[in-house]
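Take a look at the structure below.
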Amino acid sequence: MPKGLCIFGMVTAALLLIIFGLDIAVGFLRIESVIVDVSFLIAAGLLGYMSWTTYREQV
């Protein structure tokens, strides 16, 4: 089960990186603040990093 949660965390982080990265590039979500986009990108990056390191410890 913990491996599944790590993979779910990595997938979630990748989706957030794609969505908010595209929002900065194209602006399709109509979020006016770039600060919100950047903070979500940082949070998604941290989630991906923590998920990846935890997954590597379990293998």
Side-chain angles (χ1 to χ4, degrees):
M1 184 63 176
K3 285 184 183 181
L5 291 175
C6 290
I7 292 170
F8 180 73
M10 287 186 279
V11 169
T12 304
L15 288 174
L16 287 173
L17 283 170
I18 290 169
I19 290 171
F20 287 102
L22 283 175
D23 187 40
I24 287 178
V26 180
F28 70 95
L29 287 180
R30 309 250 188 255
I31 296 176
E32 297 298 327
S33 178
V34 176
I35 296 172
V36 174
D37 289 333
V38 171
S39 61
F40 270 105
L41 286 173
I42 291 170
L46 289 174
L47 174 64
Y49 174 74
M50 289 187 295
S51 297
W52 175 251
T53 56
T54 304
Y55 181 77
R56 286 186 48 197
E57 287 178 3
Q58 294 177 359
V59 173

For this session: May I ask whether Val38 and Leu46 are part of the same hydrophobic cluster, defined by side-chain heavy atoms of I, L, V, M, F, W, Y residues being less than 4.5 angstrom apart, directly or through others?
Result: yes
For residues Leu22 and Val36: do they belong to one hydrophobic cluster (side chain heavy atoms under 4.5 Å, members Ile, Leu, Val, Met, Phe, Trp, Tyr)?
yes
Taking every heavy atom of Ala44 against every heavy atom of Leu16, the minimum-distance pair comes out as CB-CB, 3.7 Å
The reported gap from CG in Leu17 to CD1 in Ile42 (rounded to nearest 0.5 angstrom) is 11.0 Å
* Are Ile18 and Val11 linked, directly or through other ILVMFWY residues, by side chains that come within less than 4.5 angstrom of each other? -> no
ask   = According to a 4.5 Å side-chain heavy-atom criterion applied to Ile, Leu, Val, Met, Phe, Trp and Tyr, with indirect links allowed, do Leu15 and Met10 form part of one hydrophobic cluster?
value = yes
* Could you tell me whether a side-chain N or O of Thr54 sits under 3.5 Å from a main-chain N or O of Ser51, the two making a donor and an acceptor? => no
Tightest non-hydrogen contact, residues Gln58 and Pro2, listed as NE2-CB, 3.4 Å
So ring-ring contact (aromatic ring centres under 6.0 Å, His included) across residues 12-52, not counting sequence neighbours, yields Phe20-Phe40
message: Starting from Tyr55, can I reach Leu5 by hopping between I/L/V/M/F/W/Y residues whose side chains sit under 4.5 Å apart?
response: no
